[in-house]
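See structure below.
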Amino acid sequence: MSLFEVINLVLFIAVAGYAFYLFGSVVYRRYMYVRLGKPADFSMDVKKALDEVWINVFGQKKLLKDVKSGIMHVVMFYGFIVIQFGAIDLFIKGLVPGKHLPVPAYPVFTLIQEITTFLVLLATLYAYYRRYIEKLPRLKRGLKSGLVIIFLTSLMASILLSAAFEKVWLGHGSSWDTPISSVLASPFLGWMGADAGQVLFYVFWWIHALVLFSFLVYVPQSKHFHLLVAPLNVFLKRQQPPAKLSLVDFEDESVEEYGVGKIEDFNQKQLIDLYACVECGRCTNVCPAAGTGKLLSPMDLMVKMRDHLTMKGAAITSKTPWVPNFAFAEANQASLRLAGQGEYPVSLIGDVITEKELWACTTCRNCEDACPVMNEHVDKIIDMRRYLVMTEGKMNAEASRTFSNIERQGNPWGINRKDRDKWTADAEVKVPTVKEEKDFEYLFFVGSMGSFDNRSQKISRALVKVLHHAGVKFAILGNKEKNSGDTARRMGNEFLFQQLAADNIALFEKHQVKKIITIDPHAYNTFKNEYPDLGLTAEVYHHTEVLADLIKEGRIKPTKEVKERITYHDSCYLGRYNGVFSAPRYILSQIPGVEVVEMERNRENGMCCGAGGGMMWMEETEGVRVNVARTEQALQVNPTVIGSACPYCLTMLSDGTKAKEVEDQVKTMDVAEILALSLEFDSAAEVADGFH
């Protein structure tokens, strides 16, 4: 081995060792920051977890929802994996001239490497185009955002140029297995000497090494930490129902604060989410609040909390966040000064995340559905709302009034609880209570909307008429029914929710309820996914699920023609939360004369109506109203009816058609109401059996 080769090897080992030391230090420090969080339950079905990794990490399923950037990312993802073998090969060539990676069919290996390198280079250039020329609104621009493009372009170019000048150095001509480097080398072959070729080879070889090791150190200190954390985050994804909220233990007398007011009050899984964020902006791109001019941006929420965790974590652990220290001396000294103070003077709520951001969220979960790394935003927002409501006692007058009305009268309006069953007086069939009908199959949980809201009462009446027609035995709780508690829980009042849940479950058990049917997707989600934690054992159904099954069984036969062009709006709590997309559409498809047309945003990507998360009871004061924006999307397909399967959605869309002054041309109807129009009712027989 020549002196040059010895010096080159020593320098390479020193640089590589230093880079891996810095990389390990940064990863360890961020691991310590995550450890500051409360312990999380990481128990899981490992097979399911691995399936998620195969589908969403190696299959890139969510990334491919945006086909253009998805393909670009697939090329980068797999390309970078393939190229690492080429990097090893390149380092061997520079450290031991004349040698290469001992793989079978080496010419095929080099061909694959060159093609892959070229494709990654093209993908990188396309990434630059998307961010800086096309200027996609969801993508950030600036030095930090562009640095990875500089890194990747330099890495790919240095690989190809090293290969090109290796040909000049060793006197190799063009060959089929190195098509790109052969083209790059061709202008230099024949006139450039071997010594010059060797010098240029090592120039680009060292450029590649230095950029690669710099990138290694940069990754865990940037948003590109997702390269390591995202696969872990996907694997650790909660296997509970989507956005299921944690229970607060009010019996624990040691707890002095409820909710999350400090970053370390989140659990460790929630903190891992923050470092998994890609900053791709897909969440903000689909957020109804962000899209209508509110302050909330789900991506910014995650990024601000991540940066806050890093700085507070550094202050608490005295482990500085940035390396190498000489390059970040000022920032690291600042974090150490904070550590010396014993307190971190920045508040999570107020200084980092504003109350306006927290109260703008409709809890629709579109952000979570769009996130390619399985981040969860909603539970974090609700945890911080809990802190404001239950610990700080801070909420606006509308929220306070809503809680008070539910506490006093069991409904958000504060209407007398004794009026809950008044809607039955105008029903065309007898609506039995659990006292009157002992042998019922379904408890019809009407909900506050279906009981008190004049428009939603029509849905309740249509449903009981159809159930009666199908011979389904059902009963209601009547004036004993209480609010499901979803509104209180999503607005942060966990204590009120648990009170309501306990009362409701006791009532269900008293009347031996085995099956529950409801027109309210919010109650449906709460009963089905969250009440079991408090003891509910009954089966829970949304009315569209039951009606679809009745049609399939032949117990309901839509025969009357309903000549309407209907676009169906997906309720967030029915669709994204519970995966019920087909049942409502199946019902509509079975009605003669109905033409179903889909909005551009439908099913999993359907836009929220604006009522979720308690926003039904709070006034929007910024930007465009969410319900108006959604109504505009519906009107683009020229419907005669906007269909829904949720009383909240129906109210918001009805208000939207009024705001657009098209209520006379475009009706808003629940699926049950549309189905009722298509049924032949035997009035004589059914009057005898309960019709008024």
Side-chain angles (χ1 to χ4, degrees), residues 423 426-429 450 454-472 517 519 521 542-571 574-575 580-599 602-603 606 609 630-631 633-658 660 662-687 691:
W423 65 273
D426 294 323
E428 296 179 57
V429 297
N454 290 335
R455 178 63 187 87
S456 300
Q457 287 173 352
K458 296 178 181 178
I459 306 173
S460 301
R461 296 186 191 112
L463 177 61
V464 298
K465 184 177 178 181
V466 174
L467 292 176
H468 191 279
H469 174 75
V472 175
I517 180 174
I519 62 173
H542 186 256
H543 72 289
T544 57
E545 294 178 300
V546 174
L547 296 179
D549 286 343
L550 290 172
I551 293 174
K552 291 173 184 176
E553 293 165 7
R555 296 170 67 181
I556 295 177
K557 296 180 180 178
T559 54
K560 285 186 181 179
E561 189 173 61
V562 180
K563 290 193 69 63
E564 300 286 0
R565 180 179 168 90
I566 301 175
T567 188
Y568 174 71
H569 162 81
D570 289 282
S571 157
L574 186 62
V580 180
F581 299 107
S582 299
R585 289 174 171 84
Y586 174 77
I587 295 168
L588 294 174
S589 73
Q590 297 303 299
I591 300 174
V594 164
E595 177 192 1
V596 179
V597 289
E598 295 283 6
M599 288 180 250
N602 62 76
R603 294 182 178 266
C609 71
R630 182 54 169 166
T631 303
Q633 294 172 7
L635 295 177
Q636 287 176 359
V637 296
N638 300 314
T640 59
V641 174
I642 301 174
S644 74
C646 170
Y648 290 91
C649 295
L650 190 68
T651 297
M652 299 300 274
L653 295 169
S654 296
D655 288 348
T657 59
K658 290 172 186 173
K660 301 303 294 183
V662 295
E663 69 269 28
D664 293 334
Q665 296 85 41
V666 181
K667 293 170 281 189
T668 50
M669 299 181 72
D670 188 88
V671 170
E673 294 179 293
I674 301 167
L675 177 61
L677 293 176
S678 71
L679 299 180
E680 296 282 355
F681 292 99
D682 184 350
S683 57
E686 294 188 350
V687 164
F691 270 81

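One is the number of the first residue; the rest follow in order along the sequence. Here the structure is a predicted model, which means the values were calculated and not measured.
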Q.
Would you compute the distance between atom CG of Asn602 and atom OH of Tyr568 and round it to the nearest 0.5 angstrom?
A. 11.0 Å
Q.
Going by salt bridge (Lys or Arg N to Asp or Glu O under 4.0 Å), name the residues that satisfy it together with Arg461, two or more places apart in sequence or in a different chain.
A. Asp426
Q | side-chain hydrogen bond (donor to acceptor under 3.5 Å, both in side chains) involving Thr544 - partner list, sequence neighbours excluded | A | His542
Q. Which atom pair, heavy atoms only, marks the closest approach of Gly656 to Thr631?
A. CA-OG1, 3.3 Å
**Q.** Shortest non-hydrogen separation from Arg630 to Leu653 and the atoms involved
**A.** CG-CD2, 4.0 Å
Pair up each side-chain donor or acceptor in residues 668-678 with any protein partner under 3.5 Å, not counting sequence neighbours, and list the distances.
from   : atom 1 : to     : atom 2 : distance (Å)
Thr668 : OG1    : Ser654 : OG     : 2.6
Asp670 : OD2    : His543 : NE2    : 2.9
Asp670 : OD2    : Ala672 : N      : 2.8
Glu673 : OE1    : Arg455 : NH1    : 3.4
Glu673 : OE1    : Arg455 : NH2    : 2.9
Glu673 : OE1    : Asp670 : N      : 2.8
Glu673 : OE2    : Arg455 : NH1    : 2.9
Glu673 : OE2    : Arg455 : NH2    : 3.3
Ser678 : OG     : Leu675 : O      : 2.8

Pairs of donor and acceptor atoms involving the side chains of residues 551-558, under 3.5 Å and at least two apart or interchain, shall be tabulated with distances.
from   : atom 1 : to     : atom 2 : distance (Å)
Arg555 : NE     : Ala470 : O      : 3.4
Arg555 : NH2    : Ala470 : O      : 3.3

(Q) If you compare all heavy atoms of Lys658 against all heavy atoms of Glu663, which two are closest, and at what distance to 0.1 Å? (A) CA-OE1, 3.5 Å
Q. What distance separates Arg603 CZ from Glu598 CD, expressed to the nearest 0.5 Å?
A. 6.0 Å
Q) Tell me, which pairs form a side-chain hydrogen bond (donor to acceptor under 3.5 Å, both in side chains) where one or both residues lie in residues 635-649, sequence neighbours left out? A) Glu564-Thr640
Q | Test salt bridge (Lys or Arg N to Asp or Glu O under 4.0 Å) applied to Glu595 - qualifying residues, sequence neighbours left out | A | Arg565
Q. In Å, rounded to the nearest 0.5 Å, how long is the span from CD of Glu680 to NE2 of His469?
A. 8.5 Å
Q. How long is the gap from CE on Met652 to CD1 on Ile642, to the nearest 0.5 Å?
A. 13.0 Å
(Q) Arg585 vs Leu588, test: side-chain contact (heavy atoms from CB on, under 4.5 Å). Steps then yes/no. (A) CA-CA 5 Å; Arg585 289 174 171 84; Leu588 294 174; 5.5 Å; no
Q) Between Ser571 and Cys646, what is the shortest heavy-atom contact and its length? A) CB-CB, 3.9 Å
Q.
For a 4.5 angstrom cut-off between non-hydrogen side-chain atoms, does Leu463 reach Leu547?
A. yes
Q.
Show the nearest heavy-atom pair for residues Thr567 and Val597, with the distance to one decimal.
A. OG1-O, 2.9 Å
Q. Which pair of heavy atoms, one from Ser456 and one from Ile519, lies closest together, and at what distance?
A. O-CD1, 4.4 Å
(Q) Nearest 0.5 angstrom please: Lys465 NZ to Glu428 CD, how far? (A) 3.5 Å
